[in-house]
Colleague: 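Please read through the structure below; I'll follow up with questions.
Throughout, protein chains are lettered first and strands after them, A, B, ... in sequence-line order, and every chain is numbered starting at 1. Only heavy atoms go into these numbers, but all of them, side chains included; no hydrogens, no water, no symmetry mates. This one's a predicted model, so the numbers in the text were calculated from it and none came from an experiment.
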2 protein chains.
Amino acid sequence: MAAKATSIDIAYRAGVSQSTVSRALRNSPLVSPETRERIKAIARELNYKVDKNASNLRTQNSHTLALLLCEDPTNDDSLINPFFLSMLGSITRATARQGYDLLVSFQQLSEDWHADYEDSNKADGIILLGYGDYMDYEQKLEKLLAQNTHFVIWGAEHNNKSVLSIGCDNVQGGVIATEHLIGLGRKEFAFLGGASSHCPEFRDRYLGHCKALKAAGLVVDKRRQIDAISTEASGYEAAQQLLKKGMVFDALFAASDLIAIGAIRALKEQGIAVPEDVAVVGYDDIPVASFANPPLTTVKQNTQLAGEILVESLLRLILGKEVSTQLIPTSLVVRRSCGAGAA
Amino acid sequence: MAAKATSIDIAYRAGVSQSTVSRALRNSPLVSPETRERIKAIARELNYKVDKNASNLRTQNSHTLALLLCEDPTNDDSLINPFFLSMLGSITRATARQGYDLLVSFQQLSEDWHADYEDSNKADGIILLGYGDYMDYEQKLEKLLAQNTHFVIWGAEHNNKSVLSIGCDNVQGGVIATEHLIGLGRKEFAFLGGASSHCPEFRDRYLGHCKALKAAGLVVDKRRQIDAISTEASGYEAAQQLLKKGMVFDALFAASDLIAIGAIRALKEQGIAVPEDVAVVGYDDIPVASFANPPLTTVKQNTQLAGEILVESLLRLILGKEVSTQLIPTSLVVRRSCGAGAA
DNA sequence: CTGAAAGCGCTTACAG
DNA sequence: CTGAAAGCGCTTACAG
């Protein structure tokens with residue numbers, strides 16, 4: 001394998017200094033167009049690429065962002081939440097579009113994650129992507145702040161206002177899902193998913209849910225809210241609990257699609273028809289949602305936009321520009337599980 | 001923000017030379033245990049992290065791998081094949097376990113991808129992950145080879161033997177799916193998915209399918225093979241074509257789960273019961289498979305193992321150790337769509 | 001066991 | 001417009 005070409009090799013062939021090569025390749029106006037083209041031609045020929053380690057060392061920035069996926073350690077069996085996949089896709093694209101590279105890693109594997117990337121100059125900033133429970137990371141976030149690390153987290157607004165967070169408007173999502181069901185004539189609601197602040201996304205969805213109920217003059221019955229985590233099994237169990245308690249309801253709003261799908265299975269087993277007896281709406285619009293039986297009406301998060309805003313905000317933060325916590329609106333995808341006409 | 005600490009700052013505080021600091025932090029046996037601990041304590045206190053750009057520049061390797069997702073440009077709407085997500089997860093984990101970082105990018109966005117990472121010393125090697133059709137990349141692969149880039153591709157064995165490929169044994173997958181259906185008494189088979197070498201994974205699944213049929217003394221009817229790409233819509237359409245041609249069959253093997261799900265929809269629309277009239281087996285075991293109606297029997301690829309082997313092989317290649325193209329065995333996940341007893 | 005020194009390949013003031 | 005030179009922060013022979 002021929003040794004990799006350096007700017008000195010090019011300088012030698014072009015008969016100029018190494019500084020000129022560097023300038024030409026960076027399109028500096030200080031170098032004459034002819035010289036620049038000649039140098040570029042030689043660079044192409046030698047398959048030259050600027051050594052990022054050297055240029056990053058010199059300029060003290062890496063043009064790289066790091067994405068940390070903070071997952072529940074429960075589902076480590078290579079089962080990533082499909083919502084994250086979608087986010088990963090849009091973040092990857094947004095990062096590339098901005099001319100940055102993206103390092104990806106999982107939180108579990110690096111005890112020392114809070115410092116790993118930016119402190120070692122491998123990344124200029126960090127995106128934290130996790131579902132819900134950032135409480136566990138509280139201390140680590142503090143440390144990140146203390147170290148002046150540039151980072152942005154996905155999710156609900158954080159208690160600490162200095163933490164920049166970008167997330168979908170979960171309250172609004174809860175509202176539109178509930179309003180839709182109310183509009184279809186439903187009156188007795190159940191909600192599956194955590195309502196504690198330990199799970200801020202779910203809590204906000206529940207808050208939106210309650211807000212819409214109150215606005216419509218409907219009862220909020222705390223007994224019809226059952227905690228659940230975002231798995232099919234948990235949704236199944238939560239719905240069973242609800243039925244075992246003898247609760248009567250004609251509408252069910254689940255804090256995630258997986259919960260909704262598990263709940264539908266439990267309802268069906270008890271001979272309860274969806275949507276005839278109970279209308280169901282989920283949250284996330286994961287790919288499975290459209291294949292559920294009946295196809296699931298759900299609140300969709302705009303992951304495309306979310307990824308772009310995450311990356312853009314982080315970049316602004318890195319550049320010292322003004323940034324602010326943002327909420328991204330959600331939209332309802334109507335399918336059959338809610339009892340509306342749609343296919 | 002306090003300037004980042006360097007090894008010189010530590011040396012100053014510890015009253016030793018910078019060389020000694022570097023040695024201590026790298027656990028060199030050349031430095032006395034007491035000195036080492038003292039230096040490490042100071043490093044911790046100052047929140048010091050080795051500057052990767054500097055160390056990589058010096059050692060000329062990056063301890064980073066790059067993952068290039070080569071997707072069909074058709075589904076760029078942040079819709080990544082869930083199979084890739086699973087692979088991404090296991091590759092990320094395997095990479096971290098080996099002490100490497102992982103850069104992720106999508107092929108579409110970087111015209112010049114073949115050279116981007118390794119040539120700029122940002123990565124020591126590249127993993128190419130794509131579904132099927134590497135023909136489009138043929139030239140780029142040649143270039144990678146010519147440049148002596150370290151890379152490994154996911155998928156079927158490549159014509160060019162110098163290309164290191166790791167993939168699941170698609171022929172064997174086709175065999176076990178078909179044998180299972182034969183064991184259930186099915187006799188007339190249809191196959192949905194490309195059979196040309198343009199789509200090597202699908203072709204191999206088809207070859208395995210035919211192999212099993214022949215071994216059982218059953219007919220291989222080319223008219224019952226319809227091309228399809230890995231989408232629900234394509235599967236739906238392919239099944240419709242099959243029916244329109246008046247083909248009779250009691251078993252259907254689809255080259256992917258999405259194709260199978262689309263096909264089931266088409267069959268149902270024609271009043272054909274699955275699995276009673278036609279038993280169906282898919283391929284991939286994507287999350288949707290277990291939620292399909294009926295739940296889909298499918299061939300599962302061991303993504304966990306695959307990710308590990310990809311990473312390990314690439315690392316061996318980088319280190320100049322011996323490596324060889326490998327096939328990973330597949331397994332059948334039996335659900336209801338094939339007509340076997342399982343739930 | 002430790003230190004002084006070279007050098008990885010760039011970028012960018014500084015001097016013409 | 002161009003070149004000579006410094007320096008980014010490390011690692012590692014070399015010399016003790």
Side-chain angles (χ1 to χ4, degrees), chain A residues 2-40 42-43 46-64 101 115 117-124, chain B residues 2-40 42-43 46-64 115-124:
Chain A
K4 220 154 266 183
T6 70
S7 55
I8 294 194
D9 299 328
I10 298 180
Y12 178 78
R13 301 220 188 186
V16 295
S17 72
Q18 183 265 334
S19 336
T20 301
V21 170
S22 178
R23 288 195 191 96
L25 295 174
R26 300 174 57 73
N27 294 314
S28 160
L30 291 176
V31 63
S32 75
E34 308 85 67
T35 315
R36 185 194 313 150
E37 288 318 312
R38 187 155 47 89
I39 288 171
K40 285 198 170 180
I42 295 171
L46 296 184
N47 229 297
Y48 171 81
K49 286 284 169 334
V50 170
D51 185 306
K52 295 282 185 182
N53 290 133
S55 66
N56 291 342
L57 174 59
R58 182 55 231 251
T59 60
Q60 294 292 55
N61 72 11
S62 64
H63 267 255
T64 300
D101 287 322
Y117 290 123
E118 187 172 341
D119 285 358
S120 58
N121 279 342
K122 282 207 78 162
D124 298 332
Chain B
K4 221 154 263 183
T6 70
S7 55
I8 295 194
D9 300 327
I10 298 181
Y12 178 78
R13 300 220 185 185
V16 296
S17 73
Q18 184 266 334
S19 334
T20 301
V21 171
S22 178
R23 287 194 192 99
L25 296 173
R26 299 175 56 73
N27 294 316
S28 159
L30 290 176
V31 63
S32 75
E34 308 86 65
T35 316
R36 185 194 313 149
E37 289 317 313
R38 189 157 46 89
I39 289 170
K40 285 197 171 182
I42 296 170
L46 297 184
N47 229 299
Y48 171 81
K49 286 285 170 330
V50 170
D51 185 306
K52 295 282 186 183
N53 290 134
S55 67
N56 291 341
L57 172 59
R58 181 57 230 249
T59 60
Q60 294 292 56
N61 72 11
S62 64
H63 267 256
T64 299
D116 272 346
Y117 290 122
E118 188 171 341
D119 286 358
S120 59
N121 278 341
K122 283 207 75 160
D124 298 333

Colleague: Can you tell me the distance, in whole Å, between the CG atom of Asn53(A) and the C1' atom of dG9(D)?
Modeller: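 Distance, rounded to whole Å: 12 Å.
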Colleague: Is there a side-chain contact between Lys40(B) and Ile10(B), using heavy atoms and a 4.5 Å cut-off?
Modeller: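 No; the side chains remain at least 4.5 Å from each other.
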Colleague: Is the closest side-chain heavy-atom distance between Leu46(A) and Arg13(A) below 4.5 Å?
Modeller: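 Sidechains of Arg13(A) and Leu46(A): in contact.
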Colleague: Can you tell if the side chain of Lys49(B) reaches within under 4.5 Å of the side chain of Asn47(B), non-hydrogen atoms only?
Modeller: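 The answer is yes, as the side chains (C-beta and beyond) meet within the 4.5 Å cut-off.
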Colleague: How many Å lie between CG on Asp51(A) and P on dG9(C), as a whole number?
Modeller: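 Distance check: Asp51(A) CG to dG9(C) P gives 7 Å.
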Colleague: Mark up nucleotides 1-8 of chain C, 5' to 3', with B wherever a protein heavy atom is under 4.0 angstrom from a base atom, S wherever such an atom reaches only the sugar-phosphate, and - elsewhere.
Modeller: BBBBBBBB
Colleague: Would you say the side-chain atoms of Thr64(B) and Lys122(A) include a donor-acceptor pair closer than 3.5 Å?
Modeller: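 The criterion, which ignores hydrogens and geometry beyond distance, is satisfied for Lys122(A) and Thr64(B).
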Colleague: Using the C1' atom as the reference point in each nucleotide, state the distance between dT12(C) and dG16(C) in Å, no decimals.
Modeller: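 Result for the C1' pair: 16 Å, nearest Å.
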Colleague: For DNA chain D, just give me the dot-bracket, please: Watson-Crick or G-U, both distances below 3.5 Å, ( ) intra-strand, [ ] crossing earlier pairs, | paired with another strand, . unpaired.
Modeller: |||.||||||||.|||
Colleague: Can you check whether Thr6(A)'s main-chain N or O pairs, donor with acceptor, with Asp9(A)'s side chain at less than 3.5 Å?
Modeller: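 Between the backbone of Thr6(A) and the side chain of Asp9(A) there is a qualifying donor-acceptor contact (under 3.5 Å).
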Colleague: Arg26(B): which residues meet the side chain to side chain contact (heavy atoms under 4.5 Å, CB included) condition with it, sequence neighbours left out?
Modeller: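 With neighbours one apart ignored, the set is Ser22(B).
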Colleague: Would you mind reading off the distance between His63(A) atom NE2 and dC10(C) atom C1', rounded to a whole angstrom?
Modeller: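 Roughly 14 Å, once rounded to whole Å.
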Colleague: Under 4.0 Å: is that the gap between some side-chain N or O of Ser22(B) and OP1 or OP2 of dC10(D)?
Modeller: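 So the side-chain polar atoms of Ser22(B) never come under 4.0 Å of the phosphate oxygens OP1 or OP2 of dC10(D).
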Colleague: Is the backbone N or O of Ala24(B) less than 3.5 Å from a side-chain atom of Ser28(B), with the two atoms forming a donor-acceptor pair by type?
Modeller: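 No: the side chain of Ser28(B) does not pair with the backbone of Ala24(B).
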Colleague: In Å and rounded to the nearest 0.5 Å, what is the NZ to OG distance from Lys52(B) to Ser62(A)?
Modeller: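 If we round to the nearest 0.5 Å, Lys52(B):NZ and Ser62(A):OG are 13.0 Å apart.
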